[in-house]
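For reference, the structure is listed below as structure tokens.
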Amino acid sequence: MVTNYFKILPFLLVLILSSCKNESQTDASDQAVNFPDKNLNPIDRYGDLLMAVQTNRIFPDGKTFVDCEPKIPSEEILKNYNAQKGKEGFNLKSFVLEHFTLPETPTSNFESDTTRSTSEHINALWSYLKRDADAVENGSRIALPNAYIVPGGRFQEVYYWDSYFILLGLKEAGEIELIENILDNFAYQINTIGFIPNGNRTYYLSRSQPPFFAEMVNLLAGIKDEKTVYLKYHEALEKEYEFWMKGANALTEKGATGRVVKLADGHMLNRYFSNTQTPRAESYLEDITTAEESGREASEVYLNISAACESGWDFSSRWFADPNDIATIQTTNIIPVDLNALLYNLEETLAKARRFNENIEGAEQMVKAASDRKDAIDTYLWDASQNTYADYNVVSEMVSPTLSLAMVYPLYFKVASPQQAEAVSRTLKTQFLKPGGLVTSLVKNKQQWDSPNGWPPHQWLAVRGLQTYGFNDLAEEISTRWLHLNDRVYKRTGKMLEKYNVIDTTLVAGGGEYPTQDGFGWTNGVYLDLNKD
């Protein structure tokens, strides 16, 4: 282990010289917690101690340490560490256990009863996944003012895009107040931080996740008084849009800044990005190793890794120049289908909110923005040769050869023409439909967002998108296969999993940086919503 630490010292030096704090961290200064360094990324907060813990694999999962709560202020911990680390017999793990409280996993106390139906099991789980409004925190958790649902397993904080699919289940469970609490938390984060982070942890403050907030607002508006809902969240929707479009007005010619890309013909589309060029605190060793193996500028690799995390697809062949090699990651070169369909929906939702706010001129501006984006999606993200939607690489100026279930987003958000929707349905049926549902991509490379794995959000978006265009038989087939797979795994294991192997349904899913998790928030939500059909 010591040899491994010295092997990466050059990369640690790069980190120290190039590290930059996330610009949004200072905007969260009103978060009430115990210690004055509460808003720091754990890398900045614990420095050499974090590097030693993560590079020596004190815990099998790098997320464990950054989720620990310090028992005393971190400056005292670091003082003790510097005084003790050079002494004979110093034990790093014992030091950590003496100075920190390890994170808990409340669902580990949940006992499954497989005589219950899957739906009964899910509804019994909600209370284990629910968190009340946060009390004063002194670890990496960002306090939220209202109750929320966590996914489960290692994920003991709220996650942005997971939450939309969790809301689907809460709606079926009649938890309308909790749905509104979750939206209020996101609006709070937008207003205090400037955007919705990946999750409510300080180490997530450099990135967001797929922007589903507008669709959450649409969901609640379908339950409660529509005008009241849109007016309540109008300001937050505007700020969400400002975050994703920051820098757009400064792009006078072809180029990119932040999350915005201007194409040669003047069209504007978006990409995933990050506000940092340092390793992730929660996956520090993995990122250092990837940068080392890439032979590229380390800061460039870290930026593209973090941008991929913002996509939610961490990791996938979508983001790699070589589909089989994460060291070739190039996320910021890619204009993604899913992100731009989501932003089309945000523009349409903003138009609706502005009308309710009697801003007719502003509403028309958003209608035009959505129309322009649809034109750009058709121009750059429709692959006529393969008759489906695909990502666009701004460097090669070509549509990506890697097909994925991102193609279903334009159907769900009604961006596709009837002819395009029919073509996508054929691609789904002939290439992506497997015994357990839809496979995420056609690439098998040991990444969790590739084959043979299927994920709940994409099954749901595909089913609802296909139904919108009248392809009900295929939608029913996908839904039936997915629900049956969920049921079989639950009866066999007593668990609802984060993802599933949809090709060989006798095996659990795999790949990625951590073991398959159980719980599981979005699986539960999608199951309850599809099972009602």
Side-chain angles (χ1 to χ4, degrees), residues 60-64 67 103 105-108 110 112 118 121-122 125-126 128-131 148-170 198-199 201 204 209-210 212 282-283 286 308-309 311-316 404-405 434 436-441 446-462 481-531:
D61 185 348
K63 195 174 185 299
T64 301
D67 288 354
T105 306
T107 48
S108 62
F110 181 81
S112 295
T118 307
H121 168 79
I122 290 169
L125 263 175
W126 289 126
Y128 287 81
L129 298 175
K130 183 180 179 182
R131 302 290 177 270
Y148 54 88
I149 298 289
V150 302
R154 75 198 286 263
F155 302 111
Q156 293 302 312
E157 51 281 313
V158 68
Y159 282 81
Y160 182 2
W161 78 308
D162 293 59
S163 294
Y164 175 71
F165 302 95
I166 288 171
L167 296 187
L168 297 173
L170 293 177
N198 186 145
R201 294 281 186 184
Y204 288 147
Q209 270 196 331
F212 270 91
E282 74 279 16
S283 299
E286 291 85 350
C309 293
S311 78
W313 295 49
D314 43 334
F315 293 99
S316 166
S404 75
L405 287 186
K434 305 300 178 183
L438 296 173
V439 69
T440 310
S441 85
K446 298 185 179 179
Q447 297 298 335
Q448 64 173 352
W449 289 90
D450 282 303
S451 181
N453 294 340
W455 292 76
H458 302 136
Q459 317 300 317
W460 188 86
L461 290 164
R481 294 187 188 194
W482 178 256
L483 292 175
H484 285 175
L485 175 57
N486 285 189
D487 287 335
R488 288 197 301 272
V489 172
Y490 163 64
K491 288 298 183 183
R492 189 170 74 241
T493 68
K495 296 179 179 181
M496 300 296 286
L497 304 181
E498 177 190 24
K499 57 185 181 286
Y500 292 79
N501 185 326
V502 297
I503 294 179
D504 186 344
T505 58
T506 65
L507 302 175
V508 297
E513 296 179 332
Y514 56 85
T516 298
Q517 301 296 300
D518 69 315
F520 195 87
W522 63 14
T523 310
N524 301 344
V526 166
Y527 184 95
L528 291 181
D529 188 83
L530 291 180
N531 196 49

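Just so it is clear, the model here is predicted, and its values are computed rather than measured.
- You'll find the side chain of V526 reaches within 4.5 Å of the side chain of W482, heavy atoms only.
- By the 4.5 Å heavy-atom criterion applied to side chains, P452 and D504 are not counted as neighbours.
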Point to revise | Intermediate values then yes/no, side-chain contact (heavy atoms from CB on, under 4.5 Å), I122 and L528 | key: CA-CA 8 Å; I122 290 169; L528 291 181; 3.7 Å; yes

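- Looking at heavy atoms from C-beta onward, S451 lies in side-chain contact with I503 at the 4.5 angstrom threshold.
- Side-chain atoms of M496 and D518, non-hydrogen and from C-beta on, never get closer than 4.5 Å to each other.
- In terms of heavy atoms, D162 sits closest to P151 at OD2-CG, 3.8 Å.
- For the pair K495/V489, no side-chain contact is recorded, criterion being any heavy-atom separation below 4.5 Å from C-beta on.
- The minimum heavy-atom distance linking L125 with G519 is given by the pair CD1-O, 2.6 Å.
- In this structure, the side chain of S112 engages the main chain of G494 through a donor-acceptor pair within 3.5 Å.
- For K491, the NZ atom sits in a packed shell: over 12 heavy atoms of surrounding residues, nucleotides or ligands are nearer than 6.0 Å.
- Heavy-atom minimum distance, C309 versus N198: O-OD1, 3.8 Å.
- To the nearest 0.5 Å, atoms CZ (R154) and OG1 (T64) are separated by 7.5 Å.
- Interatomic distance, D529 CG to N524 CG, rounded to the nearest 0.5 Å: 12.5 Å.
- Taking each heavy atom of N501 and L507 in turn, the nearest pair found is CB-O, 3.4 Å.
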Point to revise | Verdict with reasoning, V158 to Y148, per side-chain contact (heavy atoms from CB on, under 4.5 Å) | key: CA-CA 7 Å; V158 68; Y148 54 88; 3.8 Å; yes

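- The two residues D67 and E157 come nearest to each other via the heavy atoms OD2-OE1, 3.9 Å.
- Residue F165 is tested with F520, Y527, F212, W455 for a ring pair (Phe, Tyr, Trp, His ring centres under 6.0 Å); the sole match is F212.
- Residue R201 holds its CZ atom at 7.5 Å from OH of Y159, rounded to the nearest 0.5 Å.
- How far CH2 of W449 is from CG of D314: 7.5 Å, rounded to the nearest 0.5 Å.
- Contact of the R488 side chain with the T505 side chain is registered, since non-hydrogen atoms from C-beta on lie closer than 4.5 Å.
- Note on ring orientation: taking the six-membered ring where Trp is involved, the planes of W161 and W522 are perpendicular (angle over 60°, cut-offs 30° and 60°).
- Residues I149 and L170 form a side-chain contact, since some pair of their non-hydrogen atoms from C-beta on lies under 4.5 Å apart.
- Scanning all heavy atoms of the two residues, the minimum distance from N453 to A509 falls at OD1-CB, 3.2 Å.
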Review point. So D450 and T440, side-chain contact (heavy atoms from CB on, under 4.5 Å) or not? Walk me through it.
Key: CA-CA 5 Å; D450 282 303; T440 310; 5.9 Å; no

Exercise for review: Output, in order, the C-alpha distance, side-chain angles, deciding distance and verdict of side chain to side chain donor-acceptor pair (under 3.5 Å) for D487 and T118.
Suggested key: CA-CA 6 Å; D487 287 335; T118 307; 2.6 Å; yes

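- Side-chain contact between F315 and Q448 is absent, with no heavy-atom pair separated by less than 4.5 Å.
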Review point. So Y204 and Y160, side chain to side chain donor-acceptor pair (under 3.5 Å) or not? Walk me through it.
Key: CA-CA 11 Å; Y204 288 147; Y160 182 2; over 6 Å; no

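- Evaluation of the side chain to side chain contact (heavy atoms under 4.5 Å, CB included) rule for S311 yields Y272, W313, W319 as partners, not counting sequence neighbours.
- The line from CD of Q156 to CG of L129 is 8.0 Å long, rounded to the nearest 0.5 Å.
- Here the straight-line distance linking atom OG1 of T523 with atom CD of Q459 works out to 10.0 Å at 0.5 Å rounding.
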